[in-house]
Amino acid sequence: MGGHRRDQSDSHVPLRPSADFSMEGTELQVRLESSQQSLRTPTVRCSAIAINIDPTELDPTCGTPKRMEHRRSEGLKTVIAFFCLMISAFLNFFLLTVIHDVVPRQPLPDLTFMVIPQQKWAWSVGDVLSTVSSVIAFTVVLLHHERWVVLRRMFLLGAIMYGLRAVVLGVTFLPPSFHDRDEICLSQANRSAMYGMEIATRFLTYVVTLGLTSGQDKILCGDLMFSGHTVVLTIMYFVQLQYTPKGLVLLRYIAAPITFLGIAALVVSGGHYTMDVLIAYWLTSHVFWAYHQIFEMPKKDRPQAPMSQNCWNWPFKRPHQMHGFMQRINRKLE
């Protein structure tokens with residue numbers, strides 16, 4: 001029962017340094033006071049772990065002002081990404097209103113159209129499947145723990161793809177793929193004094209309907225390369241693959257047929273050439289996975305990535321002096 005040694009103390013009990021530890025009674029009193037003090041200390045629970053902390057040093061991961069400020073920042077960045085998507089989408093709508101009066105009317109030959117007759121009802125199927133896939137994907141995102149980050153990624157990917165699509169639409173004009181184009185496509189307008197009003201009316205119609213034209217008697221034609229519907233279907237499909245919990249395997253098996261049946265319906269309907277949907281799927285898949293591969297890596301680790309080390313090296317064994325010369329160049333160019 002001698003003096004209290006440091007190696008016998010309970011490290012989790014905050015002992016008072018001014019206490020006299022020479023007597024057992026004093027030791028018990030110190031422990032009792034410390035226990036009472038710990039009971040008055042607020043307890044914060046994070047991830048099922050109880051932590052006693054000082055009120056002025058709150059954990060930044062448990063709803064503190066610092067955490068709230070981080071969430072506001074994520075929300076602001078998501079809003080900016082959404083506006084980028086809207087700009088790209090509206091640019092596509094505007095280009096379509098102008099391209100409709102420029103594109104030729106004789107359709108190009110397509111292997112799918114030679115094998116399968118065009119089916120008008122399939123276009124509505126493509127619209128419905130696109131909507132269903134979007135609803136499922138947004139539900140997955142809204143239930144995700146980092147919903148703001150995932151939403152921002154979706155909006156940025158959409159902005160990138162629709163921005164690229166606007167460039168392609170503006171430089172090459174493909175004729176409508178419908179065989180009975182005169183029954184489906186609106187007549188081309190004469191460029192008169194009222195042409196500006198006609199363009200504005202078309203643009204507002206597409207903004208209100210968000211480009212979904214299955215309920216219209218006649219539509220604008222010419223926005224073919226590449227398929228915007230396929231871009232939406234592909235992004236929503238990959239979002240479900242990437243951000244769905246592993247236990248929901250059934251949802252993944254549902255997402256695949258919805259996506260590929262929707263893409264097939266776009267071609268069977270005659271609304272797109274086969275190359276439109278193939279190129280759209282290929283581009284979107286590469287942009288999606290390349291984007292995630294880059295930004296899943298922490299920013300501080302990106303310079304150390306294998307392909308980020310842009311060092312030069314002499315490709316031959318001789319002359320030996322060139323190896324040292326290239327090393328000196330690399331040091332100067334770092």
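The basis for the numbers below is simple: all heavy atoms, side chains too, and nothing from hydrogens, waters or symmetry mates.
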(message) Around atom CZ of Phe82, are there more than 12 heavy atoms from other residues, nucleotides or ligands closer than 6.0 Å?
(response) no

(request) Please round to the nearest 0.5 Å and tell me the distance separating atom CZ of Arg152 and atom CD of Glu146. (result) 9.5 Å

(message) To the closest 0.5 Å, what do you measure between CG (Leu169) and OH (Tyr162)?
(response) 10.5 Å

(message) Please find the pair of heavy atoms, one from Met154 and one from Val239, that lie closest to each other, and give the distance.
(response) CG-CG2, 3.6 Å

(request) Would you indicate whether Phe83, at its atom CZ, is surrounded by more than 12 heavy atoms from other residues, nucleotides or ligands within a distance under 6.0 Å? (result) no

(request) Identify the two heavy atoms, one from Ala159 and one from Ser88, that lie closest to each other, and give their separation to 0.1 Å. (result) O-OG, 3.1 Å

(request) List for me each residue that meets side-chain hydrogen bond (donor to acceptor under 3.5 Å, both in side chains) alongside Gln119, sequence neighbours excluded, and say none if there are none. (result) Trp121

(message) So which atom in Val125 and which in Ala265 form the shortest heavy-atom distance, rounded to 0.1 Å?
(response) CG1-CB, 4.1 Å

(request) Any side-chain hydrogen bond (donor to acceptor under 3.5 Å, both in side chains) involving residues 252-267? Give me the pairs, sequence neighbours left out, ordered by first then second residue. (result) none

(message) For residues Val167 and Val231: do they belong to one hydrophobic cluster (side chain heavy atoms under 4.5 Å, members Ile, Leu, Val, Met, Phe, Trp, Tyr)?
(response) no

(request) Indicate the atoms forming the closest heavy-atom contact of Gly271 with Leu224, along with that distance. (result) O-CD2, 3.4 Å

(request) Indicate if Leu250 and Leu261 have the same hydrophobic cluster label, given that clusters are the connected sets of ILVMFWY residues with side-chain heavy-atom separations under 4.5 angstrom. (result) yes

(request) Report the relative orientation of the aromatic rings in His323 and His320; use parallel for angles under 30°, tilted for 30 to 60°, perpendicular for over 60°. (result) tilted

(message) Do Phe178 and Leu108 land in one hydrophobic cluster if side-chain heavy atoms of ILVMFWY residues count as linked below 4.5 Å?
(response) yes

Compile the donor-acceptor pairs under 3.5 Å between side chains in residues 133-141 and protein atoms, sequence neighbours left out, one pair per line.
residue, atom, partner, partner atom, Å
Ser133, OG, Gln240, NE2, 3.4
Ser134, OG, Ser130, O, 2.8
Thr139, OG1, Val135, O, 2.7

(request) State the CD1-CZ distance between Ile160 and Phe155, to the nearest 0.5 angstrom. (result) 14.0 Å

(message) Nearest 0.5 angstrom please: Ile263 CD1 to Thr274 OG1, how far?
(response) 12.0 Å

(request) Not counting sequence neighbours, list each pair that qualifies as a disulfide (SG to SG under 2.5 Å) and has a residue in residues 236-272. (result) none

(message) To the closest 0.5 Å, what do you measure between CD (Gln327) and CG (Asn330)?
(response) 7.5 Å

(request) Please report the shortest heavy-atom distance between Gly262 and Leu233, naming the atom on each side. (result) C-CD1, 3.8 Å

(message) Does any part of the side chain of Gln106, heavy atoms only, come nearer than 4.5 Å to the side chain of Pro104, both counted from C-beta?
(response) no

(request) Mind checking the CG-NE2 spacing from Leu174 to His272? Nearest 0.5 Å is all I need. (result) 11.0 Å

(message) Please determine whether side-chain contact (heavy atoms from CB on, under 4.5 Å) holds for the pair Phe316 and Met322, giving the CA-CA distance in whole Å, both sets of side-chain angles, and the decisive distance to 0.1 Å.
(response) CA-CA 9 Å; Phe316 309 106; Met322 287 302 299; over 6 Å; no

(message) Quick check: is Val132 connected to Val268 through a chain of hydrophobic side chains (ILVMFWY, heavy atoms under 4.5 Å apart)?
(response) no

(message) Whether the side chain of Ser269 engages the backbone of Ala122 through a donor-acceptor N/O pair (distance < 3.5 Å, no angle test) should be reported.
(response) no

(request) Quick one: which residue pairs count as a side-chain hydrogen bond (donor to acceptor under 3.5 Å, both in side chains) with a foot in residues 163-178, not counting sequence neighbours? (result) Asn92-Arg165, Arg165-Asp223

(message) Show the nearest heavy-atom pair for residues Val277 and Ser227, with the distance to one decimal.
(response) CG1-CB, 4.0 Å

(request) Could you tell me whether the side chain of Val103 reaches within less than 4.5 Å of the side chain of Pro176, counting heavy atoms only? (result) yes

Only distances under 3.5 Å count here; give the side-chain donor-acceptor pairs of residues 283-293 to other protein atoms, sequence neighbours excluded, each with its distance to 0.1 Å.
residue, atom, partner, partner atom, Å
Thr284, OG1, Ala280, O, 2.6
Ser285, OG, Tyr281, O, 3.0
Ser285, OG, Trp282, O, 2.9
His286, ND1, Trp282, O, 2.9
His292, ND1, Phe288, O, 2.9
His292, NE2, Tyr243, OH, 2.6

(request) Using the rule that two of Ile, Leu, Val, Met, Phe, Trp, Tyr join whenever any of their side-chain heavy atoms come within less than 4.5 Å, decide whether Val168 and Met161 are in one cluster. (result) yes

